[in-house]
Protein chains: 2
Amino acid sequence: MSATVHDTPRDRLLVAAEARFRRFGYKRTTIEDVATEAATGKGSVYLHFESKQEVYMAVVEQSLDRFIESAEHVLAQPGTAPDRLRAVVELTAEHYGHDELLHSSLFGETDLVEGDVARMAAERQRQRIRNLLEELLSTGQAEGTVRASIDPPSVAAVLFEIGWAIVRSGLENPDPDQLESSLDILNDLVGLGLLPRPGNS
Amino acid sequence: MSATVHDTPRDRLLVAAEARFRRFGYKRTTIEDVATEAATGKGSVYLHFESKQEVYMAVVEQSLDRFIESAEHVLAQPGTAPDRLRAVVELTAEHYGHDELLHSSLFGETDLVEGDVARMAAERQRQRIRNLLEELLSTGQAEGTVRASIDPPSVAAVLFEIGWAIVRSGLENPDPDQLESSLDILNDLVGLGLLPRPGNS
DNA sequence: CGACTGACCAGAATAGTAGTCTGGTCAGTC
DNA sequence: GACTGACCAGACTACTATTCTGGTCAGTCG
């Protein structure tokens, strides 16, 4: 809870909602609980959000903001695009290994959230992460560490799928060294595939 | 149904079980149904299999045998290992797009099977497909179209995850061109990553 | 008068219970 | 000795009563 959050009813609701959703999941969190924790009336929730779903999506968006902010820092580091890709995938694994709210809505393997709202949240996450990867590729092309022959949006979509598969597999495995090893291999294969190649730029 | 299947009770049971599992799924297929369709008594099922699960796993194993046989033909074709990898991934997508029994137990997105038996079936499939990929890589190294610096078992595990992610994503998308496009990109990235590189063998 | 509240309620969700189903077993039969 | 289908414990399903909750809005208050 940052000291820079303004004490508006909407902010208080978001803070309360996040705490509730993280602890009890979507289904077991009631609008009344959230309102009470935000020291407001139940009907007031609907002054700021159209539905319980919208409250949840706003919480997911905030959580994503934090993740994307960290990732943008990684993107700003010196090095080649394949290096940065590796770092972003690592950060993703680390972040999603800790953030149960994001993890749950994207993987659907806990009971924190399910159904339509989980799908909406998952799609939003995929969208934003793909955008991040696209940015990484475009920047890499601009600076000459990614082949000019690739199309950033479509390659970003594929990178998302394969990076995600490795992250997911790694988070499912109790042995932390396995994810490290898989990332090494992925970086080796894909990193090489991204680099400019003599006669191929 | 091949004409070479012998008319033993076990074979009849397997044929009946496969037909039932494919049509009704695991849960809604009863041992009695299978026995009746195989023109035998219900208790006779247990002369050949220990449990309903074992019947199911035997059916999965047979279905996998067919798939692996097709894939082995692809592996026997001339060309480089990356070419063959591409062909195997395509065959996998095509096969799993049609085989509801295998698809269901691996993806868990239909109601044909779920729970422990689905997990067992999925793990068996992953295992066999990883073995296939390992074979592809080892053969590629032996003939010089795959870098000697990679470790086939661990790279096969990563290739399985990323190939699977692309296949899954492609099968979920109504547009068949999307899978083709993703496979092109994957082949481009990973294929290049697999090839021997000057000074890197 | 506009912001806020909590009682209201339709429909969703849950809990409880009776009835049905089925995987596995084995005594009886051939 | 191989095979069978009746048996049965436990799983599953269907039904029904009860409870819960998202969204609404008339009433209240500043």
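Treat the numbers as computed from the prediction; the structure is a model and nothing was measured. First the proteins, then the strands, lettered A, B, ... as listed; each starts at 1.
Salt-bridge annotation for Arg22(B) and Glu100(B): absent, with no side-chain N of the basic residue lying under 4.0 Å from a carboxylate O of the acidic one. Between Arg28(A) and Asp33(A), no side-chain nitrogen of the basic residue sits less than 4.0 Å from a carboxylate oxygen of the acidic one, so the salt-bridge criterion is not met.
The partner of dT28(D) is dA3(C), judged by Watson-Crick or G-U wobble contacts that both fall below 3.5 Å. Across all strands shown, dT13(D) pairs with dA18(C); the Watson-Crick or G-U wobble distances both stay below 3.5 Å. Remark: dT19(D) base-pairs with dA12(C). Criterion, Watson-Crick or G-U wobble with two distances under 3.5 Å.
Within residues 26-51 of chain B, the residues approached by DNA chain D to less than 4.0 Å at the level of any non-hydrogen atom are Lys27(B), Thr40(B), Gly41(B), Lys42(B), Gly43(B), Ser44(B), Leu47(B), in residue-number order.
Here dT24(D) presents its P atom at 15 Å from NZ of Lys52(A), a figure rounded to the nearest Å. Summarising the geometry, the separation between CZ on Arg12(B) and C1' on dA2(D) is reported as 13 Å, rounded to the nearest angstrom. For the pair Arg10(B) CZ and dC3(D) P, the computed distance is 14 Å after rounding to whole Å. Phe24(B) places its CZ atom 12 Å from the P atom of dT22(C), with the value rounded to the nearest Å.
Ring geometry for Tyr96(B) against Phe107(B) counts as tilted: the plane angle lies between 30° and 60°, on a 0 to 90° scale.
Taking both residues in full, the closest heavy atoms of Ala58(A) and Arg10(A) are given as CB-NH2, 4.5 Å, listed atom of the first, atom of the second, then distance.
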Can you give me every donor-acceptor pair (side chain of residues 65-72 of chain B, partner residue at least two apart or in another chain, under 3.5 Å) with its distance?
residue  : atom : partner   : partner atom : Å
Asp65(B) : OD1  : Arg128(B) : NH1          : 2.8
Asp65(B) : OD1  : Arg128(B) : NH2          : 3.0
Arg66(B) : NH1  : Glu18(B)  : OE2          : 3.1
Arg66(B) : NH2  : Glu18(B)  : OE1          : 3.0
Arg66(B) : NH2  : Glu18(B)  : OE2          : 3.4
Ser70(B) : OG   : Arg66(B)  : O            : 3.2

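Applying the side chain to side chain donor-acceptor pair (under 3.5 Å) test to residues at least two apart or on different chains, the pairs with a partner in residues 184-195 of chain B are Arg147(A)-Asp188(B), Arg86(B)-Asp184(B).
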